[in-house]
Amino acid sequence: LLTEDALLMEADQRPDCCQYCKGLAHQINMGLTSLATRKALEPGDWELDEFIGAALKHTIMHEVGHTLGLRHNFKASAYRTVEELHSDKLKKDDVMSTSVMDYLAINIAPKGKKQGQYYDDTIGPYDYWAITYGYKPLKAQDEAKELKKIAQRCREPQLAYATDEDYHPLHNRDLDPLANAWDLGKEPMLWAEARLGVIRFLFDGLADRVVKKGKPYYRARAAFTSLLREYRMLLGFIKRYIGGQYVSRHHYDGKNELRTFTLVSAKKQRKALELLTEHGLSCKYFNFPPELLNSLAPDWRDNWESPIWRQMRLDYPLHSQIEKVNLATLARLYNSAISRRLLDMEKKYEKGQEVFKLEELYSRLTTSCWSEVQKAAAKKERLGEINSYRRNVQRWQVRLLGMIILGEYGSQPDDARALAWHELRAIKAIVERAAKYVKKDASITTKSHLEETAARIDKMLAARLKLANY
């Protein structure tokens with residue numbers, strides 16, 4: 001079923017237990033793919049052993065932390081800048097995160113940078129602080145005073161804290177863009193942007209790099225799928241800036257210097273939206289060469305790890321995988337919780353602050369989804385072939401807007417339904433104008449897509465006027 005919860009989270013995500021092992025498996029795949037693009041890997045290779053050893057050590061430190069009573073800290077990774085993460089000045093004993101209790105992404109150097117440490121080699125300042133509070137031997141008469149003294153350090157930046165109930169997508173608790181699992185860096189949006197560049201580099205010549213002579217091509221398929229999953233995850237970190245608010249657990253200090261919620265600036269929200277439309281909706285980075293796509297073989301080994309009968313297709317379901325990226329982006333931005341947050345935030349900006357409004361989000365999404373059609377509608381140039389990936393983006397935007405006006409996509413505020421109605425009317429006008437300026441050599445599919453979109457919108461608007469509960 002197409003529901004908000006189904007679109008926002010994986011079916012196996014649970015907020016009540018440690019899911020470190022599942023995410024770590026993906027991170028290790030990412031690391032192995034990165035290593036394989038730089039050199040041929042063989043069992044016993046020192047760099048491979050170093051990488052696996054670092055991952056195992058970090059896992060052990062994380063789980064031992066749980067046995068000592070430490071909870072997850074998903075703000076620990078917001079510690080180093082992107083430049084610091086790949087700096088020669090970052091030594092082995094310098095931590096990339098303030099705690100091993102975060103779910104840390106593997107540190108992969110971008111193209112042209114020397115690979116540094118993959119994971120932290122030791123515990124961080126938050127870990128020392130928390131263990132000190134819980135286990136420092138104290139005399140009974142001094143305990144309350146000493147514990148208060150330790151706790152008063154909580155405002156130090158390296159001791160920032162957010163745990164499972166502060167970040168999880170279940171019930172839209174993911175309010176703070178600094179509280180994430182499987183990210184890295186002081187500014188997650190900038191780190192994700194840099195990591196997207198790494199992914200694009202790894203896609204280049206992927207099959208030739210990860211498949212050795214005499215080995216099966218299914219390794220290329222596994223690596224390709226892993227990279228697409230990472231791509232989708234990275235967009236997820238950027239999406240949290242739209243309607244985002246930084247959250248503090250600090251108590252009132254008598255000075256009113258730090259409130260519980262601090263709004264993400266309109267400038268950062270617009271930057272996030274630009275990145276999302278470029279990487280999640282434009283589809284310009286999905287023009288993979290045929291030689292790569294024709295190398296994505298299934299794993300024919302019929303065993304418990306990869307049963308061939310569970311694979312629905314032998315060839316690679318390319319459009320379905322790209323559609324996951326597009327839909328995850330649109331579904332989040334049209335989510336009812338985001339709509340309500342943005343409307344509420346309009347009342348929370350301080351005097352003089354620039355405001356990012358819900359109507360701006362809706363308008364910019366339409367511009368992004370229909371950019372090539374808008375040019376034809378404005379008679380700036382004739383409309384040629386619309387990319388098949390882009391047709392899917394456009395269809396999904398129209399479907400989600402239709403679901404909003406019909407009350408079928410979450411508990412949307414009335415203003416969101418009104419804006420969805422406005423955008424559907426605007427899209428219909430654009431499509432009908434552009435249809436008059438389609439190039440003669442455009443495919444029947446492109447022409448039919450425009451006609452079908454206009455007809456679909458007519459049905460949606462008519463149904464809304466008849467069925468909407470006002």
Side-chain angles (χ1 to χ4, degrees), residues 12 18-67 72 76-77 79-80 85-88 90-97 99-111 113-124 127 181-185 191 195 198-199 201-203 206-231 233-234 299 301 303-306:
D12 62 353
C18 183
Q19 299 284 309
Y20 191 80
C21 58
K22 293 182 179 180
L24 181 64
H26 168 68
Q27 293 299 319
I28 289 177
N29 281 335
M30 281 292 302
L32 291 175
T33 301
S34 175
L35 279 171
T37 61
R38 296 203 305 270
K39 61 180 293 186
L41 294 176
E42 299 290 346
D45 185 290
W46 71 268
E47 194 168 359
L48 180 59
D49 287 348
E50 184 181 71
F51 164 66
I52 296 296
L56 287 174
K57 181 177 181 179
H58 197 272
T59 303
I60 292 168
M61 290 191 294
H62 178 95
E63 302 303 343
V64 169
H66 281 315
T67 68
H72 293 135
S77 54
Y79 185 46
R80 301 282 187 183
L85 289 171
H86 306 297
S87 171
D88 293 336
L90 192 65
K91 305 303 180 184
K92 187 175 182 180
D93 292 334
D94 293 332
V95 291
M96 297 180 289
S97 167
S99 174
V100 295
M101 301 313 297
D102 203 337
Y103 289 0
L104 288 184
I106 181 175
N107 186 31
I108 299 176
K111 185 179 179 181
K113 291 282 188 178
K114 182 181 178 182
Q115 178 64 51
Q117 61 194 65
Y118 295 103
Y119 286 101
D120 280 338
D121 196 49
T122 187
I123 64 176
D127 302 318
W182 307 114
D183 70 327
L184 194 61
W191 173 80
R195 182 83 151 210
V198 172
I199 300 301
F201 167 70
L202 293 179
F203 272 130
L206 180 67
D208 295 334
R209 290 175 172 180
V210 301
V211 181
K212 300 176 188 175
K213 185 177 180 180
K215 297 295 182 180
Y217 272 109
Y218 73 78
R219 299 184 180 194
R221 186 176 184 137
F224 188 86
T225 302
S226 181
L227 290 178
L228 275 182
R229 178 186 175 188
E230 179 74 3
Y231 193 100
M233 285 175 61
L234 293 170
D299 186 352
R301 298 176 301 169
N303 56 45
W304 64 272
E305 183 180 8
S306 178

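Values below: all heavy atoms of this structure, side chains included; hydrogens, waters and symmetry mates excluded.
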**OP:** Would you give the length of the straight line joining atom OH of Tyr118 to atom OG of Ser34, rounded to the nearest 0.5 angstrom?
**Re:** 6.5 Å
Subject >> Enclosure of Tyr217 OH (heavy-atom neighbours >12, cutoff 6.0 Å) >> reply: no
Original post:
Is it true that a side-chain atom of Thr225 and a backbone atom of Arg221 form a donor plus acceptor pair closer than 3.5 Å?
Top reply: yes
Subject >> Smallest separation among heavy atoms of Glu63 and Tyr20, with atom names >> reply: OE2-CB, 3.8 Å
Original post:
Mind checking whether Leu32 and Leu48 have side chains closer than 4.5 Å, heavy atoms only?
Top reply: yes
Original post:
Distance from Met233 atom CE to His26 atom NE2, nearest 0.5 Å?
Top reply: 5.0 Å
Original post:
Does a side-chain heavy-atom distance below 4.5 Å link Ile106 with Ile28?
Top reply: no
Subject >> Side-chain (Asp120) to main-chain (Ser97) donor-acceptor, under 3.5 angstrom >> reply: yes
**OP:** Check side-chain contact (heavy atoms from CB on, under 4.5 Å) between Ala54 and all other residues, then give those that pass, not counting sequence neighbours.
**Re:** Tyr119
Subject >> Where Gly65 and Met101 come nearest, the two heavy atoms and their spacing >> reply: CA-SD, 3.7 Å
Subject >> Heavy-atom closest contact (Val100 atom, Ile123 atom, distance) >> reply: CG1-CA, 4.0 Å
Subject >> Non-hydrogen atoms of Leu85 and Leu90 that approach each other most closely >> reply: O-CD2, 3.9 Å
Original post:
Just by distance, do the side chain of Thr67 and the backbone of Val64 share a donor-acceptor pair under 3.5 Å?
Top reply: yes
**OP:** Could you tell me whether the side chain of His86 reaches within less than 4.5 Å of the side chain of Asn107, counting heavy atoms only?
**Re:** yes
Subject >> Contacts of type side-chain hydrogen bond (donor to acceptor under 3.5 Å, both in side chains), residue Asp183, not counting sequence neighbours >> reply: Ser77, Asn180
Original post:
Quick one: does Asp102's side chain get under 4.5 Å of Tyr79's, heavy atoms only?
Top reply: no
Subject >> Validation row: Leu234, Trp182 side chains within 4.5 angstrom (heavy atoms) >> reply: no
Subject >> Donor-acceptor pair, side chain of Ser226 and main chain of Ala222, under 3.5 angstrom >> reply: no
**OP:** Quick one: do Thr122 and Asp127 satisfy side-chain contact (heavy atoms from CB on, under 4.5 Å)? Show the steps, please.
**Re:** CA-CA 10 Å; Thr122 187; Asp127 302 318; over 6 Å; no
Original post:
What's the verdict on ring-ring contact (aromatic ring centres under 6.0 Å, His included) for His62 and His58, showing C-alpha distance, side-chain angles and the deciding distance?
Top reply: CA-CA 6 Å; His62 178 95; His58 197 272; 7.2 Å; no
Original post:
Do Arg80 and Leu184 have side chains that get closer than 4.5 Å, going by heavy atoms?
Top reply: no
**OP:** Measure the CG-CG distance between Leu206 and Leu227 for me, rounded to the nearest 0.5 Å.
**Re:** 6.0 Å
Original post:
Which value, rounded to the nearest 0.5 Å, describes the distance between Ile108 atom CD1 and Arg195 atom CZ?
Top reply: 4.0 Å
Original post:
Where do Gln27 and Leu104 come nearest, in terms of heavy atoms and distance?
Top reply: CG-O, 4.3 Å
Original post:
When rounded to the nearest 0.5 angstrom, what distance separates CD in Glu50 from CG in Leu35?
Top reply: 9.5 Å
Subject >> Point-to-point distance, once rounded to the nearest 0.5 Å, from CG of Asn29 to CD of Glu230 >> reply: 10.5 Å
Original post:
What pair of heavy atoms forms the shortest contact from Gln117 to Asp94, and how long is it?
Top reply: NE2-O, 3.2 Å
